[in-house]
Visitor: 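I have a structure I would like to understand better, so I am pasting it below and will then ask my questions one at a time.
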Amino acid sequence: MVVRIRLQRWGNRGRAFYRMVAANVRAPRDGKFLEVLGTYNPIANSAGNKEIRLSVDRIKYWISVGAQPSDRAAWILGKFGILPPPPRRMSLQKRKPKNAEPEES
């Protein structure tokens, strides 16, 4: 059984709230999970802070037994030093100049 650490969406439309869970890869996003590892509220409170609560020892346990974090979960874990930050993706479209043809005089 392949285990993935990922975000499970809760909350109403426009008021998203996520739980970080360890789940089977074949389980749906909001379906059955093995363990809740933390919570993430991306909506800032009145002080402008986003709330993240993580069970670091359980996350390290699941990673030690082979669980793979999803892209967004890896980004969150990288921000808190639990995992090394994932490499930044560079798009080739952004690197091309808009006027690729040289101007003739």
Side-chain angles (χ1 to χ4, degrees):
M1 173 171 70
V2 179
V3 178
R4 177 153 287 201
I5 298 173
R6 62 183 177 205
L7 298 175
Q8 185 180 49
R9 190 176 196 275
W10 285 77
N12 296 331
R13 184 175 21 157
R15 307 265 313 151
F17 179 81
Y18 297 93
R19 292 197 302 187
M20 188 173 290
V21 297
N24 187 348
V25 171
R26 294 182 182 173
R29 179 193 71 182
D30 298 334
K32 191 175 179 181
F33 57 90
L34 302 171
E35 184 178 0
V36 177
L37 303 174
T39 60
Y40 170 54
N41 187 0
I43 300 172
N45 59 12
S46 59
N49 299 324
K50 297 179 181 181
E51 183 179 349
I52 298 177
R53 296 179 186 205
L54 300 174
S55 178
V56 177
D57 56 335
R58 294 305 295 167
I59 292 171
K60 287 183 178 180
Y61 164 76
W62 280 108
I63 291 172
S64 71
V65 295
Q68 295 292 317
S70 67
D71 290 340
R72 199 62 183 168
W75 179 81
I76 291 171
L77 296 176
K79 286 282 189 188
F80 289 94
I82 298 170
L83 289 177
R88 297 183 70 152
R89 295 182 184 174
M90 296 190 71
S91 174
L92 296 177
Q93 294 290 344
K94 293 180 182 178
R95 299 189 77 182
K96 289 182 182 177
K98 291 186 178 183
N99 296 331
E101 299 176 17
E103 296 181 18
E104 295 180 20
S105 27

Visitor: For side-chain contact (heavy atoms from CB on, under 4.5 Å), just list the numbers for Ile52 and Lys79, CA-CA rounded to whole Å, side-chain angles, deciding distance to a tenth of an Å, and then say yes or no.
Guide: CA-CA 11 Å; Ile52 298 177; Lys79 286 282 189 188; over 6 Å; no

Visitor: Rounded to the nearest 0.5 Å, what separation is found between the CG atom of Asn24 and the NZ atom of Lys32?
Guide: 9.0 Å

Visitor: Looking at CD1 of Ile76 and CD1 of Ile5, how far apart are the two atoms once the value is rounded to the nearest 0.5 Å?
Guide: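 Between Ile76 CD1 and Ile5 CD1, I get 11.5 Å after rounding to 0.5 Å.
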
Visitor: Give me the atom names and distance for the closest heavy-atom approach of Pro42 to Phe17.
Guide: CD-CA, 4.5 Å

Visitor: Which other residues end up in the same hydrophobic cluster as Ile43, if Ile, Leu, Val, Met, Phe, Trp and Tyr are linked when side-chain heavy atoms come under 4.5 Å apart?
Guide: none

Visitor: Not counting sequence neighbours, which residues clear salt bridge (charged side-chain N to carboxylate O under 4.0 Å, His left out) with Asp57? List them please.
Guide: none

Visitor: Which pair of non-hydrogen atoms, one from Leu83 and one from Pro69, has the smallest distance, and what is that distance?
Guide: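 It is CD1-CG, 3.7 Å.
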
Visitor: If you count every heavy atom of other residues, nucleotides or ligands that lies below 6.0 Å from Arg9 atom CZ, does the total exceed 12?
Guide: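 Check passes, neighbour count above 12.
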
Visitor: Quick check: closest heavy atoms across Arg4 and Ser70, and the distance to 0.1 Å?
Guide: CG-N, 4.2 Å

Visitor: Can you measure from CG (Leu7) to OH (Tyr40) and round to the nearest 0.5 angstrom?
Guide: 8.0 Å

Visitor: Taking the side chain as C-beta and beyond, is there a heavy-atom pair between Val56 and Phe80 under 4.5 Å?
Guide: no

Visitor: Would you check if Glu51 and Asn45 make a side-chain contact, meaning some heavy-atom pair closer than 4.5 Å?
Guide: no

Visitor: Dump the intermediate steps for side-chain contact (heavy atoms from CB on, under 4.5 Å) on Arg19 and Phe33, then the final yes or no.
Guide: CA-CA 11 Å; Arg19 292 197 302 187; Phe33 57 90; 3.4 Å; yes

Visitor: Can you sort out the partners of Arg58 under salt bridge (charged side-chain N to carboxylate O under 4.0 Å, His left out), two or more places apart, ordered by chain and number?
Guide: Glu35

Visitor: Can Tyr61 be reached from Leu37 by stepping across I, L, V, M, F, W or Y side chains whose heavy atoms are under 4.5 Å apart?
Guide: yes

Visitor: For Ile82 and Ile59, work out which heavy atoms get closest and say how close.
Guide: CG2-CG2, 4.0 Å

Visitor: If hydrophobic clusters are built by linking Ile, Leu, Val, Met, Phe, Trp and Tyr wherever their side-chain heavy atoms come under 4.5 Å apart, do Leu77 and Val65 end up in the same one?
Guide: yes

Visitor: Mind listing the closest non-hydrogen atom pair of Asn41 and Lys50 along with its distance?
Guide: O-CB, 3.5 Å

Visitor: Would you say Val36 and Ile63 are hydrophobically clustered, going by side-chain heavy atoms of ILVMFWY under 4.5 Å?
Guide: no

